[in-house]
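Accompanying notes for the structure given below.
Atoms considered below: every heavy atom in the structure, side chains included; atoms not considered: hydrogens, waters and symmetry mates.
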Amino acid sequence: MKKTMKKILNFIKKHKLLVLFIILLIVAAVFAIKVFLIFSDTDETAIYGERLNGADYVEIDVSKSTDKVKAKVGDLANGVTVRKQGRIINVILNLKDETTRDAAKDISNQLLGEFTDQEKAYYDFQIFLNKTNEDAQFPVIGYKHHTKAEIKWTKDR
């Protein structure tokens, strides 16, 4: 046993550069594999990664939601669009010129009642309030995080 250890140590002493090169090569290979695994995509079809886990259980019908929102808004808006993108529900209201900012905010808060508690607990909501004329108080954007109970609005102008 001692003889083989002595032979190994003598070989290492005699070929220091070769041994150092082999060790560096092994370390570089391990590092390269680690970097490749970090940056490689394991599932090329999942653009949102794991952020949409549970979406199968909380499926939302956008066309039905659009009809509900249109009925709730009534004659305050010229157009209503509801769109789902990942975990975000975008509600776009193109308001009539005579609609005030406060009335639009109030109706927007009521719009959340058209969605189920399960949908509100899973999805984030963005509400865009637009007007066709050049009103200094518009556009206004509201955002509701799925863990919060109320809409936060952009600063008043």
Side-chain angles (χ1 to χ4, degrees), residues 1-70 72-73 79-95 101 104-131 136-157:
M1 179 93 166
K2 286 187 178 185
K3 287 183 181 181
T4 54
M5 284 300 285
K6 230 178 196 182
K7 284 182 182 180
I8 293 172
L9 288 175
N10 283 337
F11 179 80
I12 292 173
K13 284 180 185 178
K14 195 182 264 187
H15 303 289
K16 288 179 187 174
L17 287 176
L18 179 64
V19 171
L20 183 63
F21 178 73
I22 291 172
I23 291 173
L24 287 175
L25 191 63
I26 292 171
V27 169
V30 169
F31 181 74
I33 290 170
K34 186 75 169 174
V35 167
F36 176 76
L37 291 176
I38 288 172
F39 289 111
S40 68
D41 190 13
T42 56
D43 186 10
E44 294 178 10
T45 60
I47 61 171
Y48 287 103
E50 295 181 10
R51 291 175 283 182
L52 297 181
N53 286 349
D56 299 340
Y57 304 112
V58 190
E59 192 59 40
I60 189 168
D61 185 1
V62 174
S63 62
K64 190 183 286 186
S65 298
T66 303
D67 295 338
K68 288 180 184 179
V69 169
K70 280 182 184 177
K72 189 70 164 183
V73 170
V80 174
T81 305
V82 178
R83 202 180 72 202
K84 181 178 99 167
Q85 184 175 2
R87 276 184 90 159
I88 300 173
I89 304 297
N90 292 310
V91 178
I92 303 167
L93 301 177
N94 294 317
L95 302 169
R101 184 186 65 218
K105 283 183 178 181
D106 288 341
I107 196 70
S108 298
N109 286 322
Q110 295 171 16
L111 289 179
L112 291 179
E114 300 301 318
F115 297 92
T116 66
D117 289 339
Q118 191 178 15
E119 291 168 344
K120 288 187 276 189
Y122 183 77
Y123 291 102
D124 294 346
F125 288 85
Q126 292 184 137
I127 300 175
F128 300 92
L129 305 175
N130 295 323
K131 277 192 177 182
Q137 296 181 342
F138 287 90
V140 179
I141 301 171
Y143 183 78
K144 182 204 160 301
H145 191 264
H146 64 274
T147 59
K148 305 295 181 190
E150 59 189 41
I151 299 173
K152 296 292 182 185
W153 295 96
T154 54
K155 292 184 180 179
D156 292 328
R157 299 167 202 243

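Interatomic distance, Ile89 CD1 to Leu112 CG, rounded to the nearest 0.5 Å: 11.0 Å. Taken to the nearest 0.5 Å, the NZ atom of Lys13 stands 13.0 Å off from the CD1 atom of Ile8. Taking OG from Ser108 and CG from Leu129, the interatomic distance works out to 4.5 Å, rounded to the nearest 0.5 Å. Remark: Thr147 OG1 to Tyr122 OH distance equals 14.0 Å, nearest 0.5 Å. Going from atom CD1 of Ile127 over to atom CG of Asn109 covers 7.0 Å, rounded to the nearest 0.5 Å. Atoms OG1 and OH, from Thr116 and Tyr123 in turn, are 9.5 Å apart once rounded to the nearest 0.5 Å.
By the neighbour-count criterion of 12 heavy atoms within 6.0 Å, atom CG of Leu9 is densely surrounded, having more than that number from other residues, nucleotides or ligands.
Side-chain atoms of Asp124 never come within 3.5 Å of backbone atoms of Ile88 as a donor-acceptor pair (strictly under, hydrogens ignored). Looking only at distances, a side-chain donor or acceptor of Lys144 sits under 3.5 Å from a matching main-chain atom of Lys120. Put simply, the side chain of Lys16 never gets that close to the backbone of Leu20: no donor and acceptor are under 3.5 Å apart.
The pair Glu150-Lys152 meets the salt-bridge criterion, since a charged nitrogen lies less than 4.0 angstrom from a carboxylate oxygen.
Results of the side-chain contact (heavy atoms from CB on, under 4.5 Å) test with Asn130 over Ile141, Ile92, Val140, Leu95 single out Ile92 as the only residue that passes.
His145 meets the ring pair (Phe, Tyr, Trp, His ring centres under 6.0 Å) test with no other residue; sequence neighbours excluded.
The shortest distance between side-chain heavy atoms of Tyr143 and Gln126 falls below 4.5 Å. Looking at heavy atoms from C-beta onward, Phe115 lies in side-chain contact with Phe125 at the 4.5 angstrom threshold.
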Might you work through the side-chain contact (heavy atoms from CB on, under 4.5 Å) test for Lys7 and Asn10, ending with a clear yes or no? CA-CA 5 Å; Lys7 284 182 182 180; Asn10 283 337; 5.7 Å; no
